[in-house]
There are 2 protein chains.
Amino acid sequence: MNPATANIEEAILSAILAGRIDPGTRLGEQKLADLFGVSRTRVREAMMRLETRGVVQVSARRGWYVVEPSAEEAREAFQTRRVIETGLLQTVREVPPAVLASLKEHVAIERRAIETGDVHSRACLLGDFHIHLADALGNRLLTEIIRDLTARTTLISMLYQPTEKAEESSHDHEDIVAAMEAGDLSLAARLMDEHIGKVEAGLDLTARPDPLAGLRELLSPSTFAGNAPSVPHHHSHSHPHTNDHPLTKED
Amino acid sequence: MNPATANIEEAILSAILAGRIDPGTRLGEQKLADLFGVSRTRVREAMMRLETRGVVQVSARRGWYVVEPSAEEAREAFQTRRVIETGLLQTVREVPPAVLASLKEHVAIERRAIETGDVHSRACLLGDFHIHLADALGNRLLTEIIRDLTARTTLISMLYQPTEKAEESSHDHEDIVAAMEAGDLSLAARLMDEHIGKVEAGLDLTARPDPLAGLRELLSPSTFAGNAPSVPHHHSHSHPHTNDHPLTKED
DNA sequence: GCTCACAAACTTGTATACAAGCCTGTAAGC
DNA sequence: GCTTACAGGCTTGTATACAAGTTTGTGAGC
């Protein structure tokens, strides 16, 4: 594959995994082309690849958008992750010491990141745990699949997750690794199942996916009469379709 | 997505699943464009999508080729399928009667196809069993993943499988469904694991992947002196990179 | 003042032209 | 006769131009 195209693809995917791009963000071809110093052709190529990987969507003649999974799609993504990740743990017979060591270190890094509190690296690391697991116990193919799925669930969390429970997740990871160390892969699989279940249960799959979610909050106090010349944006939480900080700087 | 592009993508993928396109087959852009009545742009789009799905590869300025997985990639594909398919069976709590019925019917169709003996529909149906399973027990996302993986393993079988054991596979499927009917999903998962293991074990991962495999057979009897004006092709089994019956007719 | 129609700007969709590289067949040189 | 260099044809790689559609801003009409 063309290296430039691969770069764009990888840059966007890892930005999503790091929680740096919101679901619904518009990705203009020309803007990306300028940003990466390539022509639109390349950008389109990367976008189409990302589309088949399920992280981007095209709206005809309007542009490319980071996907905003529906509630249904969210359930599918979590079910799929459950299937694959528990399957992986139960398929494996024994865990090499080197793998255990690296997983333990990863959890340690998670803990430190939670204390320092950078929300981006935190979310990134929590997702990375699963990717590392697939990489260490599985193979490249499996890792790629898990990576794409993690990107999906990351976006889902950004859409539907009311409160972040990073600490709990990291605890879960720790327990899973402990079970692996004890040689009880069955237990590890069950813990993984519960862990993913917890994350999914922590979502509010009833509300978010419409772009008006943020607006409703503003309308409810009824301090709205049409005489407000400028929209108050004191709560600058970026909303889908109305984000004013896309990947590319506005000129 | 553009419907025309989707058509090309789907046509090629299902042709691969049906065993109608050999691994290593060259897919010329212009030829495909003529065949489907579209421009090269569309074909390239479809090809790039198929590339990200792992069923096609581009060789710079030479053309697109149906992948010929290496032995290593073959192992990865089978491991991944084992992980996912056993994971699926173990994640599911109970199997709805309707699903059981449709699976049973599928197995019945398999049996009939084996008796009548059309090799294409046979291979297609054996792969389809797994796809149907994912569809019935899982979700669309999972089905798509399994579909791509099945395409991979189909190609692998065509490369490395010395003898076809369709009957045995169909028996395995029957046993798996029986275990599901008995409500013993654990057993079903184990049977699935063994089934995939058997298919993998039935491969000869030492020989095939080089394009000269077919040639070596010819050279060994040493009935070759350079005085043979035309290469004998009595054994018209198509070889990778030297196939004379590509998807598109030669003009 | 409000609504609706229209136009301009902007963005993607698509084809095509040309550039660049690979493969093959041919001929010259040894 | 054998090797090697070269040229021609063929195929993909890439950019660009234009077509088609969407969004938004503006002005006329009610």
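Letters A, B, ... are given to chains in the order of the sequence lines, protein chains preceding strands, and every chain is numbered from 1.
- With rounding to the nearest 0.5 angstrom, the CD atom of A/Glu85 is 4.0 Å from the CD1 atom of A/Ile196.
- Under a 3.5 Å cut-off, the side chain of A/Glu73 and the backbone N or O of A/Ser70 do form a donor-acceptor pair.
- When atom types are taken as modelled, the side chain of A/Arg26 and the backbone of A/Arg62 share a donor-acceptor pair closer than 3.5 angstrom.
- If you measure from atom CD of A/Gln57 to atom C1' of C/dT12, you get 16 Å, rounded to the nearest angstrom.
- Residue contacts for A/Arg42: at a heavy-atom cut-off of 4.0 Å it reaches the sugar-phosphate backbone alone, with no base atom in range.
- Phosphate proximity of C/dT12 to A/Arg26: present, with a side-chain N or O under 4.0 Å from OP1 or OP2.
- Note: A/Thr163 OG1 to A/Leu203 CG = 9.5 Å, rounded to the nearest 0.5 Å.
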Quiz item: Between B/Glu10 and B/Arg147, does a salt bridge (Lys or Arg N to Asp or Glu O under 4.0 Å) hold up when you go through it step by step?
Solution: CA-CA 11 Å; B/Glu10 181 57 29; B/Arg147 222 168 109 91; 2.6 Å; yes

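- To the nearest 0.5 Å, the span separating CG on B/Leu159 from OG1 on B/Thr153 amounts to 12.0 Å.
- The shortest side-chain heavy-atom distance between A/Arg152 and A/Glu76 does not fall under the 4.5 Å cut-off.
- Between A/Ala60 and B/Ala60, the residue anchored closer to the 5' end of DNA chain D is B/Ala60, taking for each the nucleotide with the nearest heavy atom.
- At whole-Å resolution of the value, CZ in B/Arg61 and P in C/dT24 are 17 Å apart.
- Base contact: A/Arg40 has a heavy atom under 4.0 Å from a base atom.
- With a heavy-atom cut-off of 4.0 Å to chain B, the contacted part of DNA chain D has its first and last nucleotide at D/dT11 to D/dT14.
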Nucleotides 6-8 of chain C: which of its N/O atoms have a protein N/O under 3.5 Å away?
none

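- The residue A/Ser39 sits close only to the backbone: its heavy atoms come under 4.0 Å of sugar-phosphate atoms, none of a base.
- Interatomic distance, A/Ile146 CD1 to A/Leu141 CG, rounded to the nearest 0.5 Å: 11.0 Å.
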